[in-house]
Structures are given as structure tokens and as C-alpha cells.
Amino acid sequence: MMWFNLAKAQSFMPTEGTEIAKQVDNLYGFLLITSFIACLLVIGGMIYFAYKYKRKSANDKTAYISHSTALEFLWSFIPLVIFLGVFAWGWYIYHGMRTMPKDALEINVLGKQWAWEIEYKNGFKAVNEVVVPINTDVKLLLTSQDVIHSFFVPSFRIKQDAVPGRYTALWFKATKLGEFHIFCAEYCGTSHSGMIGKLRVVTQDEFNKYLEEGQEEGQLPLAKRGEKLFALKACASCHSVDNPAVKVGPSLFQVFGHEVVLEDGSKVAADENYIRESILQPNAKIVKGFPHGVMPTFQGQINENELNALVEYVKSLSGK
Amino acid sequence: MGNTSAHGENYLNHEKGLWSWLTTVDHKRIGLMYMITVMTFFFIGGIMALLLRLELFAPNTVQGVGQVLKNGDIYNQVLTYHGAIMVFMVIVPGIPAILGNFFLPIHLGAKDVAFPKINLLSWYCFMAGAALAIATFFTHKIDTGWTFYTPYSIRTGTATVLMVLGAFIMGMSSVLTGLNFIVTVHKLRAPGMTMHRMPLFVWALYSTAILQMLATPVLAITLLLLAAEKIFGVGIFDPALGGDPVLFQHFFWFYSHPAVYIMILPAMGIVSELISTFSRKVIFGYTAIAYSSLGIAAVSFFVWGHHMFVSGQSATAGIIFSFITMLVGVPTAIKMFNWVATLYKGSISFESPMLYALGFLFLFAIGGVTGIMLAVLPIDVHFHDTYFVVAHFHYVMVGGTLMALMGGFYYWFPKMFGKMFNESLARLSFVFIFIGFNVTFFPQFVLGAMGMPRRYFDYIPAYENLNKISTVGSWLILTGFLIGLYTIVQGIRKGEKAPMNPWGAKTLEWQTSSPPPHFNFDVEPVVTAGPYEYR
């Protein structure tokens, strides 16, 4: 058992945030040991024979051993038994992973280029942040609005594709408080590697408070509402707001009220109407140095109130 | 028989001029033409790999280094071309098209393949397909990844259709080569060459040819459907039109999993030849190795779903695919044990081809056990689409196929060109490639376990150190291949004249002159024993 624990410790798997993670790591630890032994047999055998039977003279006689039925049966049969054992063990754990618990806390997760949109039953929405209570069964209902994404929490050893046009699901029960990474594991284009979120495990009380506060956003000042919307629509994946550095798209830091150089060399003042146009028809006036067709249009996806809030937020980035 | 054929004539000087090469139906010349083109593509794909590794040297929060490729779009394009070129233009055609073309007829004691003109046609198909695929680079560079997953491949504004058409035509080439090999094996064996006296390389190519014939058309149809979807919007794969994006994955992997064995089976064939020759010993378990190739080929059609454990396919499907995948492990393990057993009581020498064969065993053992790990359902859920998978398939495809291709190439170099290469340089090249390979890809297993997803342009700081090591490893591989390239060019230009049978091997190609005459043998060989009779 000492070997086993050593293998587990050396497996480089991230923190175990769920019970399933422990089970997966046990199986993985076992696989590491058996794999190590198998490699030792094959590679070690190879090195030993290569050393022992190194050619000594140009006319060495070699043994004529064409086959050995008993040996061949053994080394087919033993791996088969090991493989089937491992398969069965894996099946058992997988069964637990794929059987959705009843009465779980359900949360909807929508994947889109390039953010995770989270919606709770009470209508509260968040982006790239899933907050869940500890020691509670949580079921995520996944889908996507554009291409296939994959919801991956390394610490929980869970992963499931979010496929457009259908729902998929996964469940977990977090056993550790704290913050864990969410990655997108299915290649989804330009900012695939930037589609990172966090999964925050909190106590039940904190969770209740989190949901209540979230619902009060209707009373926020206009610019604050714009800021929330900016996050919700994942604008931040492509536009920087706190420094002039560029991401995929131009930075919005202190843009409002200044002149912007367009791709044909002409200039335009970044006023309310320019911001509005850039949200609804992103390809109409592209800033010099940026490619066409990267930003999707938001025409029909946001209403006038939301537009007002967004414009107000961009304004606030310039201190105006 | 002397060193050269009676009139000093061989396939290289039989006819002269570029036109005689472009119109040749000699399988040996076609093999060499494949060699030149595949090596060129390997060079291009390799440069792209180096760029990707340079980009990943540091996360983008660190300014300066690690910002080789300007943005995520460019990274995704380079990644796509690296994958597509290496898979469709290097690893899949590599061994069958170069060494298979050259040596399969000679191994059988035949004058040529069954359909020499179709053989030439398949080279032209390959070139036409490759040209189309590479043409996309000058229009809207594709960024889908080599798997063309829908609906991304339908929505992206890049030249998917052209690329897919290129892959389709290259698939034609693959089917034609497969057809040619199967008929050649059945119809053109020399007197006395029973199926059970064929070299194991031929058995491997035969199994591969069956896969090429049966699996490639599925890819072809899938790619045509994809093109139809993109051009006409027929709604097969696009959920916005009522299609099913996961269906594409089923179609795609129904070809592409067998394709993994199209890549690796010929490599296993070469390793069997090398281990036997350089141990001067009859191969252990000839029948087991021969039939395990066929077994792998057969089972490989029923395991495609193991690429899709987290795709949304049913849990039952996942369990069945995991089970069948375990079964592929058995014939693969049998081969590994057979090779090691062949070394037992042999007379082992360590010329560079043998170093590559032993390198293959080393890397393939690691690639193999990690493959079993990935077949286990809950383990795969964590590792799927992470660097663990990247490391695994590089160990199998590069560590396996490329090692065997290099080993086979050095092994048959004297026969192909009638010259010897510089052995010390070849060994030095091997050492750089072997060490560099492990330095590059072993850390990626750890990165995958830590959770780093694949196809990432950027990563969180926790992954930085291992990425740095990996990138440094890629420079060692580059050094190794540059030394290797020099060795080959120098060997062809200035190498000493090669004897008929420099390694003391038993198969038929070593019983004709180096390089072989136009029709392979001056006198048709008669076979009276198996291919590895060292007594």
C-alpha cells in the first residue's frame, strides 16, 4: 500500500475537490503502478538482453527459438485479465459519475464564444463564475449557443461537452471550500484558451446571500449595470478595460471622447453613436490593425436599455 | 552475383531526365518520389511545430518571449496546418508510400506492384490533394484543427471546403495504394513464397492496405458531406439547420481511429524486420505477430467511440467502446513481448537502424500503457482533450511511426541508393532525436494530469515551467533532424559503395544488387524457407 500512496502522490493530479476525484485518483494510482511495472518488464527486458547478448564476434551462433505456446498464452492471458479488471473498476466509477442524483441543485450553463454564462433557477445570471454550496449535489445542465465547448473542472475530475442543439449534463458534490479553475476543453476558435472561469465552493449561508444580492442588480446605477452586462456578454474576453494593451479587439480604456483611426486611415470621434454602431454593426468601422468579422453582431440580442447601460459604462472608462 | 547487375545498370540510371521520373511506373522510383515529397511536408510541418512550441515557451502575460505568433487566430491556423500536414501528408502515407512501395514487391520477389500505372496515379492524386490543401494557406487559412469538428468548421470563415477537398483526393491516393498492395500480395508472390513465408513487414502492409481500402471511403464521404453542408447548408451536421454535430464525430472517428492503425501497423512491420536482422535471430512468434496485425485491423473498426466519452454520447455506448478498446491492447502487448523475446539469446549489434528499433520499443511501451489509461472511462473523462492526450499520441505516432520510419530508412538506405551513410553521424542524430523527444513530450503527460487543455494559445502561470522544458526539447529534436538530414545528403553524395547485404539479413531484397536493377532481380528468386532463418 505504501507504493500505492506514493504513486498517487506523484500523479500530479490537482487538488481533489470531490469524492469522485478521490476514486478516480485511486484508479489512476493503480494504473500508474501497473504501467510502471509493465514498462519495467518490456524496457528493462530489452536493455538487459541488449547488454547480455551484445554481438561478440562476426560469426556468433544464435539460438533458434521460433515460438513457445505456453509463454505466448500466458502473456496474452495475463494482460487480458488486467485490462478487463481495470475496465470493470473504471465502469464502476463511471457509473457513479453518470448517474444524476435526484433533488440536486440545478444550474444552467450556456457555452458561447468565449465565455460561460451561468443561470440559476431564480433568474440570476453570472459569467465565468459558478458558485455552489459545499456538500450539496449540484447538477449542471449544459448547452451551447454556437459551437461545441467542453466544461472541465480539473480538481473535480469532471468534463462534459456543451453541444449546440441539445442538453448534456454533469453532476458533482464539492467537498472542499475554495476556488477552482473551469477550462473549456473543446477547441472553439480564437479565444479558446481565454475561456476560463472559476468555480467557487462556499458555505450554504454564503450561497444564499450570493443569490439574493445578485437579484438586486435592477437597482444599480446605469454604468454599474453596463459593467455587469459587459461581463455577461463576455466583452472582456476581447476588449481590455483597464489598460491600453490590446487583446483580440481594441482596448476600451479611455477611448470615449477621443479620435479613433480606422482601417482606411480616416478618423472618427468615439462618441455615443460610434459605440452604439460598433456594438450593433461591428464591421461597419473597424479600428486600424484589427481583422474583419471577428466580433459578432449584438443586433437583436440586447435591448435599448441595455445599450444605454453599455454606452454609459464605456464612457465611465474615460472618467467622463 | 556481383555488387551491381550484369551491365552495371540499376533502377536509378536505367533512364535519365526529370521526365523519365515523372512518367515512371517503376515502384522503386515512385517510392523515392514519395520520399522527397513526404520529407518536404515533414519539414514544413516540423517548422510549424517549432513555432507552436516557441509560442508556448511562456504565458502571454510575460512580455517578449512566448509571443511569437501574434494572436490566437494565427496560433490556431499554425496548429491546424501542423496537424493536418503531419497526419495526412506525412504519417499516414509515410511508411507504406515510401518504404512499402519500394520494398513490398522486392520482398515478394516480384518485378513490380500489380498495377504500376495506378501506382503512379496514386502519387499524382497525393500531390494534387496536397497542393489543394496547401493552397488554402494562401487564401483563408483554415483554423478548424485537423479534425474539422462541426459546427465550428461550418461557421468559421476559413477555407474548410478547399482543405477538405484536398484531404478527399489524398484519400483516393491512399485507397489506390491499398488496393495495389492487396492484389500484389495475392497475385505476385515468387515461386515458393507462401503467405507464411512473407516478411512481417509485408504482413503489416497487407493489414494496413485492408484498413486503407475499407476506412478511407468513410472519411471521403464524411468530408464531402461537410463540404455540402458548408456550401449548400443541407443540415446534416449544423444544429441551426436541424443537424447533429456529434454525428460528424461518429463519422470522422469511424475512419480516423482505424487510421491510427494505418499509421502504426507498418511501423510495427519494420520493427519486426529490424529486431530480427540485428539480433541475427529468427523472429519469436512469427504467426502471432502476423495475425495480431490482422486482429488489430479488425478490432480497430469498433473502437471509434473512445474519442467521444464526454461528447454527449450515451453512457452505455461509452462503456461498450471502453470494453472493446481494452481488447486492442492485447494483440499490441503480444507484439511487444515477441520483440523483446526475439532479443533473447541473440547476437545483437547496435547500428543506427537497430537503435531506432530499440527506441521504438521504449517509446511505444510508454505510448501503449498511456493508451490503456485513456481507454479507462473515468480516467479519460479527466484526460480527454488535455496535454495527456497530446503526449500519448505523439509517443505513439511520432515515437512509434517516425522512429520506425527513420530506422527503416537507414536500414534500407544502402539498398535504395547503393551507398553507405556515416554511421557515427546517424547515431548522433538518433541520440538527439530520442532525448529531445522525451524532453519535449514527457512533461506533457504531467501537464495533462495537472489539467492543461490542448489547443491552447495561452495558459495559466502554473503550467509555465513544464512548457519551458517541453519547448527546449523541441530544439534538441530539431538539432537531431538537421544532423540526420546532413547524414542522408552526405551519404547519397559521397557515401562508400554499399555491398549487396551489409547487415547480413535474410529477406529477398538483400539477394539482389544495391541499388536493384530495373526489374528488381536478374533471375527470378525461388523461395524455400521463411524470411528469418538464422540457424
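Excluded from the calculations below are hydrogen atoms, water molecules and symmetry mates; all remaining heavy atoms, backbone and side chain alike, are included. Below, chains carry the letters A, B, ... as their sequence lines are ordered, and counting in each starts from 1. Since we're looking at a predicted model, the values are computed, not measured.
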Practice task
Pick one of side chain, backbone, both or neither for B:Phe364, based on which atoms fall under 4.5 Å of a heavy atom in chain A.
Solution key: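 Looking at B:Phe364, nothing touches chain A.
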Problem - Region of B:Leu327 in contact with chain A, defined by heavy-atom distances below 4.5 Å - result: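 Looking at B:Leu327, just its side chain touches chain A.
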Measure across [X] and [Y] and return the closest heavy-atom pair with its distance rounded to 0.1 Å.
{"X": "B:Pro245", "Y": "A:Ile148", "value": "CB-CD1, 4.2 Å"}
{"X": "A:Phe152", "Y": "B:Gly451", "value": "CE2-O, 3.3 Å"}
{"X": "A:Leu27", "Y": "B:Val376", "value": "CD2-CG1, 3.6 Å"}
{"X": "B:Ile319", "Y": "A:Phe87", "value": "O-CE1, 3.3 Å"}

Practice task
Report yes if the side chains of A:Leu84 and B:Phe323 come closer than 4.5 Å at any heavy-atom pair, otherwise no.
Solution key: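 Side-chain contact under 4.5 Å: yes.
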Let me know if [X] has heavy atoms under 4.5 Å from chain B in its side chain, its backbone, both or neither.
{"X": "A:Ile47", "value": "neither"}
{"X": "A:Met46", "value": "both"}
{"X": "A:Ala63", "value": "both"}
{"X": "A:Leu170", "value": "neither"}
{"X": "A:Leu71", "value": "side chain"}
{"X": "A:Val24", "value": "both"}

Select, from [options], the one with the greatest count of heavy-atom pairs under 4.5 Å involving chain A.
{"options": "B:Gly318, B:Gly72, B:Gly329", "result": "B:Gly329"}
{"options": "B:Phe278, B:Phe309, B:Phe383", "result": "B:Phe383"}
{"options": "B:Leu361, B:Leu79, B:Ile372, B:Ile366", "result": "B:Ile372"}
{"options": "B:Pro151, B:Ala341, B:Ala240", "result": "B:Pro151"}
{"options": "B:Ile283, B:Val446, B:Ile74", "result": "B:Val446"}

Handout entry: Partners meeting side-chain contact (heavy atoms from CB on, under 4.5 Å) with B:Ala365 (sequence neighbours left out)
Key =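 B:Ala365 satisfies side-chain contact (heavy atoms from CB on, under 4.5 Å) with A:Cys39, A:Val42, A:Ile43, B:Met336 only.
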Between chain A and chain B, going by a 3.5 Å limit, which atoms form donor-acceptor pairs, if any?
| unit_1 | atom_1 | unit_2 | atom_2 | d |
| --- | --- | --- | --- | --- |
| A:Tyr53 | O | B:Ile348 | N | 2.8 |
| A:Arg55 | N | B:Ile348 | O | 2.6 |
| A:Arg55 | NE | B:Ser347 | O | 3.2 |
| A:Arg55 | NE | B:Ser347 | OG | 3.0 |
| A:Arg55 | NH2 | B:Ser347 | O | 3.0 |
| A:Ala58 | O | B:Arg280 | NH1 | 2.6 |
| A:Asp60 | OD2 | B:Ser347 | OG | 2.9 |
| A:Lys61 | NZ | B:Arg535 | O | 2.8 |
| A:Thr62 | OG1 | B:Arg280 | O | 2.7 |
| A:Ala63 | N | B:Lys345 | O | 3.3 |
| A:Tyr64 | OH | B:Glu533 | OE1 | 2.9 |
| A:Tyr64 | OH | B:Glu533 | OE2 | 3.1 |
| A:Tyr64 | OH | B:Arg535 | NH2 | 3.2 |
| A:Ser66 | O | B:Gly285 | N | 2.7 |
| A:Lys159 | NZ | B:Val381 | O | 2.9 |
| A:Lys159 | NZ | B:His382 | O | 2.7 |
| A:Lys159 | NZ | B:His384 | O | 2.5 |
| A:Gln160 | NE2 | B:Val310 | O | 3.1 |
| A:Asp161 | N | B:Val310 | O | 2.9 |
| A:Arg166 | NH2 | B:Asp244 | OD1 | 2.9 |
| A:Arg166 | NH2 | B:Asp244 | OD2 | 3.2 |
| A:Cys184 | N | B:Tyr456 | OH | 3.3 |
| A:Cys184 | O | B:Tyr456 | OH | 2.8 |
| A:Tyr187 | OH | B:Asn76 | ND2 | 3.4 |
| A:Tyr187 | OH | B:Asp143 | O | 2.4 |
| A:Gly189 | O | B:Asn76 | ND2 | 3.4 |
| A:Thr190 | OG1 | B:Asp73 | OD1 | 2.5 |
| A:Ser193 | OG | B:Phe457 | N | 3.3 |
| A:Ser193 | OG | B:Asp458 | N | 3.3 |

Problem - Which residues share a ring pair (Phe, Tyr, Trp, His ring centres under 6.0 Å) with A:Phe156, sequence neighbours left out - result: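 Scan of A:Phe156 (ring pair (Phe, Tyr, Trp, His ring centres under 6.0 Å), adjacent residues dropped) gives A:Phe172, A:Phe180.
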Heavy-atom pairs under 4.5 Å with chain B - which of [options] has more of them than the others?
{"options": "A:Gly96, A:Ala185, A:Ala162", "answer": "A:Ala185"}
{"options": "A:Gly165, A:Gly189, A:Gly194, A:Ala88", "answer": "A:Gly189"}
{"options": "A:Pro164, A:Pro79, A:Ala169", "answer": "A:Pro164"}

